[in-house]
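Below you'll find the structure, written out as structure tokens, and then a few comments.
As a basis for the values below, the full set of heavy atoms in this structure was taken, side chains included, without hydrogen atoms, waters or symmetry mates. Labels below follow one simple rule: chain letters A, B, ... track the order of the sequence lines, proteins then strands, and each chain is numbered from 1.
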2 protein chains.
Amino acid sequence: MEVKAQMEISDAEWEVMRVIWTLGSATSHTVIEALSEKMGWKAATTKTLLGRLMKKGALTAKKNGRAFTYFPEIPEQEAMDVATISLFDHLCQMRAGATLTALADHVSLSQTDIANLQKLLTEKAKTAPEKVSCNCLPDDCHCQ
Amino acid sequence: MEVKAQMEISDAEWEVMRVIWTLGSATSHTVIEALSEKMGWKAATTKTLLGRLMKKGALTAKKNGRAFTYFPEIPEQEAMDVATISLFDHLCQMRAGATLTALADHVSLSQTDIANLQKLLTEKAKTAPEKVSCNCLPDDCHCQ
DNA sequence: TAAGTAAGTTTACGTCTGTAATTTAAAAGT
DNA sequence: ACTTTTAAATTACAGACGTAAACTTACTTA
């Protein structure tokens with residue numbers, strides 16, 4: 001048995017995971033219900049996604065009479081951190097700060113979120129550089 | 001002619017865009033060179049991606065002798081903002097704050113980035129709620 | 001002018017995704 | 001026990017993606 005270094009979860013699969021994460025665990029019936037309402041999906045669609053997530057190792061299932069109850073194999077926060085960090089790692093690092101600011105402006109943040117962020121930023125400011133360089137071209141690119 | 005509300009740019013296509021954004025504009029030769037070095041891609045791969053980006057309207061080209069010079073149709077910062085915001089919009093909004101903090105911890109931020117973020121946070125703190133609620137289940141879900 | 005080279009275009013091909021219908025199997029009701 | 005329901009597994013299928021070879025066309029160079 002091996003731990004998946006990083007598993008790719010597609011957009012549609014995320015919706016399934018979110019339901020299960022929020023409820024802790026769920027039967028296919030519950031997930032089908034929720035996504036039929038939230039996304040307008042047919043039962044078969046949700047079943048396919050549950051199957052793919054099992055195959056990827058993102059979910060496990062315990063038999064419960066006729067049906068299965070599905071459990072997440074990774075915590076939601078960790079999955080979110082990995083997804084967003086790996087997106088940022090593929091974009092221009094020089095612009096990460098501006099992008100983060102646009103994000104912070106867009107999302108809803110609680111007082112606690114803001115306090116935590118502020119503390120972190122104060123800490124980072126102690127060693128932050130004056131400028132972050134662009135990493136979009138190969139290191140020894142003549143064209144830059 | 002119509003402006004694309006939002007165009008999807010794939011991971012591989014992002015690499016092409018980054019080169020062109022960084023240089024302002026570039027010939028296919030330049031892009032091929034850069035990505036051969038940075039990504040190990042064959043010329044044909046980069047050519048395919050340039051073609052797909054033209055078709056999507058992410059790039060335009062001006063003929064220049066035998067070759068074309070490619071220009072980005074959208075600014076890099078805008079593309080980054082859209083990409084990251086639309087990712088966040090598909091994840092649990094209750095956890096966006098923690099995720100943003102993980103991101104802020106991970107990326108390199110300049111002094112200016114930090115100052116801008118801090119100013120924004122101070123402003124947001126004035127009206128921020130005590131708690132942000134989860135939006136992973138349909139509004140009227142009985143299971144919650 | 002013929003040959004070589006480089007740019008762009010077309011075709012390829014397996015995998016992943018979104019979206020689902022169909023089939024199989026098991027449980028529950030009559 | 002037979003039928004109806006429902007869960008799970010199998011099959012489907014078009015479009016996007018990563019990755020590239022092959023073909024075509026137009027300069028450049030001998």
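Nucleotide D:dG18 holds its C1' atom 16 Å from the CD1 atom of B:Ile9, rounded to whole Å. For the pair B:Glu15 CD and D:dG18 P, the computed distance is 10 Å after rounding to whole Å. Following rounding to the nearest Å, A:Lys55 (NZ) and D:dA9 (P) show an atom-to-atom distance of 10 Å. With rounding to whole Å, A:Trp14 atom CH2 is found 16 Å from C:dT17 atom C1'. Here the C1' atom of nucleotide C:dA7 and the CG atom of B:Leu50 are 11 Å apart, to the nearest Å. At whole-Å resolution of the value, CG in B:Leu35 and P in D:dG18 are 13 Å apart. Residue A:Leu53 contributes atom CG, which lies 12 Å from atom C1' of C:dT17 at whole-angstrom precision. Between the CD atom of A:Glu13 and the P atom of C:dT19 there is a distance of 12 Å, rounded to whole Å.
Looking only at distances, no side-chain donor or acceptor of A:Trp21 sits under 3.5 Å from a matching main-chain atom of A:Gln77. Judged purely by atom type and a 3.5 angstrom limit, B:Lys38 has no side-chain atom pairing as donor or acceptor with the backbone of B:Val19.
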Scoring nucleotides 19-30 of chain D by protein non-hydrogen atoms under 4.0 Å (B base, S sugar-phosphate only, - none) yields BBB------S--
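With D:dC17, C:dG8, D:dA7 as the choices, the nucleotide that has an atom nearest any side-chain atom of A:Ala67 turns out to be D:dA7. Looking at the side chain of B:Asp11, the nearest of the listed nucleotides C:dT17, D:dG18, D:dA9 is D:dG18. For B:Ser28, counting side-chain heavy atoms from C-beta on, the closest listed nucleotide (C:dA7, D:dA8, C:dG18) is C:dA7.
The structure places CD of B:Glu130 at 6.0 Å from OG1 of A:Thr112, a figure rounded to the nearest 0.5 Å.
The side chain of B:Tyr70 places an N or O atom within less than 4.0 Å of a non-bridging phosphate oxygen (OP1 or OP2) of C:dG8. Contact between the side-chain N/O atoms of A:Lys56 and the OP1/OP2 oxygens of C:dT17 is found at a separation under 4.0 Å. Note on B:Thr27: every side-chain N or O is 4.0 Å or more away from OP1 and OP2 of C:dA7.
Closest non-hydrogen pair, A:Ala98 versus B:Asp81, comes out as O-OD1, 4.4 Å.
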side-chain hydrogen bond (donor to acceptor under 3.5 Å, both in side chains) for B:Ser86 and B:Asp89? Distances and angles first, verdict last. CA-CA 5 Å; B:Ser86 72; B:Asp89 284 348; over 6 Å; no
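B:Lys62 meets the salt bridge (charged side-chain N to carboxylate O under 4.0 Å, His left out) test with no other residue; sequence neighbours excluded.
By the 4.0 Å N-to-carboxylate-O rule, B:Arg52 lies too far from B:Glu13 to be salt-bridged with it.
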